[in-house]
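First comes the structure, then the notes that go with it.
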Amino acid sequence: MTPRPEIDVVSESPLWDGLPDAAALAGRAALAAVAGTGVPVMDGAEISILLADDATLRELNRTWRDRDRPTNVLSWPAAEREALATSPVCGDIAISWETLAREAGEEGKSVADHFTHLVVHGVLHLLGYDHETDEEAEEMEGLEVQILAGLGVADPYATVAGPGDDPSRRAERA
């Protein structure tokens, strides 16, 4: 049997009532991301997902990244990729409702599909993937597209790129 992490979803904003099945979508997306990478994680290791608002993400972004603005998704890995097989915690993710909803509208995507993408993106960060270089971005985005396809979500990058868009930063624009 494949080890499975425990997905703990906490909503701290009533705005998330706009996506009533957010916890189920998050759990499904997170498990698919772990399974889709082949990165070994400890059975029962925790992935915590905070469903918040722009004010909370702005504060977290300012505190942890010195960027005084809200963003769509933030992640905090708890262990290096090589240690995840024995770590009881994979890490934490926070997602903002307002930024998620605004981006989904601007990009002509459903909120549910964009949310699923952000969860997959955040989990990949917890598993040691990044997009700081073109090579890293290509690998990470390829995994995202593959995992999302398995969840029935269209390629999020097929319609995102525009003039001046940095392809290595598309999932975390803010």
Side-chain angles (χ1 to χ4, degrees), residues 1-12 16 19-52 57 60-61 64-65 71-97 99-100 103-104 109-133 135-158 160 167-173:
M1 182 174 191
T2 303
R4 290 172 48 114
E6 291 292 324
I7 314 303
D8 183 23
V9 180
V10 175
S11 177
E12 89 168 13
W16 284 92
L19 188 62
D21 56 348
L25 286 171
R28 185 171 172 246
L31 291 174
V34 171
T37 65
V39 173
V41 299
M42 182 177 171
D43 194 34
E46 182 179 335
I47 293 175
S48 177
I49 301 173
L50 174 65
L51 307 180
L57 268 282
L60 291 170
N61 206 18
W64 294 99
R65 296 174 68 212
T71 189
N72 53 13
V73 60
L74 292 170
S75 57
W76 296 269
E80 297 294 324
R81 185 183 300 181
E82 300 76 29
L84 286 169
T86 58
S87 175
V89 179
C90 291
D92 302 322
I93 298 168
I95 300 174
S96 171
W97 173 263
T99 300
L100 162 76
E103 289 176 351
K109 300 174 182 172
S110 74
V111 169
D113 283 356
H114 192 44
F115 174 65
T116 298
H117 177 214
L118 294 181
V119 171
V120 167
H121 185 87
V123 171
L124 291 180
H125 277 304
L126 299 184
L127 299 178
Y129 293 91
D130 213 334
H131 45 80
E132 292 300 316
T133 68
E135 294 79 21
E136 288 174 342
E138 188 174 317
E139 178 184 23
M140 188 169 175
E141 290 176 9
L143 280 170
E144 289 174 2
V145 169
Q146 178 183 343
I147 292 162
L148 291 168
L151 294 168
V153 176
D155 178 349
Y157 300 112
V160 174
S168 69
R169 306 258 189 258
R170 291 181 285 197
E172 294 183 18
R173 272 188 224 70

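- When every heavy atom of Val73 is checked against every heavy atom of Leu118, the shortest pair comes out as CG2-O, 3.9 Å.
- Considering CG of Leu143 and CE of Met140, their distance stands at 8.5 Å, rounded to 0.5 Å.
- In this structure the side chain of Ile47 never reaches within 4.5 angstrom of the side chain of Glu6, judged on heavy atoms.
- Annotation for Asp8 and Glu46: closest pair OD2-OE2, 3.7 Å, computed over non-hydrogen atoms.
- Annotation: the span from Glu144 atom CD to Thr116 atom OG1 amounts to 12.0 Å, rounded to 0.5 Å.
- Closest of all the heavy-atom pairs between Leu84 and Leu126 is CD1-O, 3.8 Å.
- A distance of 11.0 Å separates CG in Leu74 from CH2 in Trp64, rounded to the nearest 0.5 Å.
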Item checked: Pair Asp92-Leu50, side-chain contact (heavy atoms from CB on, under 4.5 Å): steps then yes or no -> CA-CA 8 Å; Asp92 302 322; Leu50 174 65; over 6 Å; no
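- Between Ala94 and Leu60, the closest heavy-atom pair is CB-CD1, 4.0 Å.
- Rounded to the nearest 0.5 angstrom, Leu25 CG and Asp113 CG are separated by 9.0 Å.
- The side-chain heavy atoms of Leu19 and Leu51, taken from C-beta on, include no pair separated by under 4.5 Å.
- In plain terms, the two heavy atoms of His125 and Ser75 that are nearest each other are CB-OG, 3.1 Å.
- No side-chain heavy atom of Ser11 sits less than 4.5 Å from a side-chain heavy atom of Val9.
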Can you give each donor-acceptor pair under 3.5 Å made by side-chain atoms of residues 26-42, sequence neighbours left out, with the distance rounded to 0.1 Å?
unit_1, atom_1, unit_2, atom_2, d
Thr37, OG1, Val34, O, 3.0
Thr37, OG1, Val39, N, 3.1

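- Considering all non-hydrogen atoms of both residues, Arg4 and Asp43 come closest at N-OD1, 2.9 Å.
- By the neighbour-count criterion of 12 heavy atoms within 6.0 Å, atom CD of Glu138 is sparsely surrounded, having that number or fewer from other residues, nucleotides or ligands.
- Screening residues 77-97 for ring-ring contact (aromatic ring centres under 6.0 Å, His included), with sequence neighbours left out, gives Trp16-Trp97.
- At least one side-chain heavy atom of Ile7 sits under 4.5 Å from a side-chain heavy atom of Ile49.
- In this structure, Tyr157 and His117 have perpendicular ring planes: the angle between them is above 60°, well past the 30° mark.
- The shortest side-chain heavy-atom distance between Leu148 and Val120 falls under the 4.5 Å cut-off.
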Notebook entry, point to check: Between Ile147 and Val123, does a side-chain contact (heavy atoms from CB on, under 4.5 Å) hold up when you go through it step by step?
Noted result: CA-CA 11 Å; Ile147 292 162; Val123 171; over 6 Å; no
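- Side chains of Thr71 and Ser96 form no contact here, defined as non-hydrogen atoms less than 4.5 Å apart.
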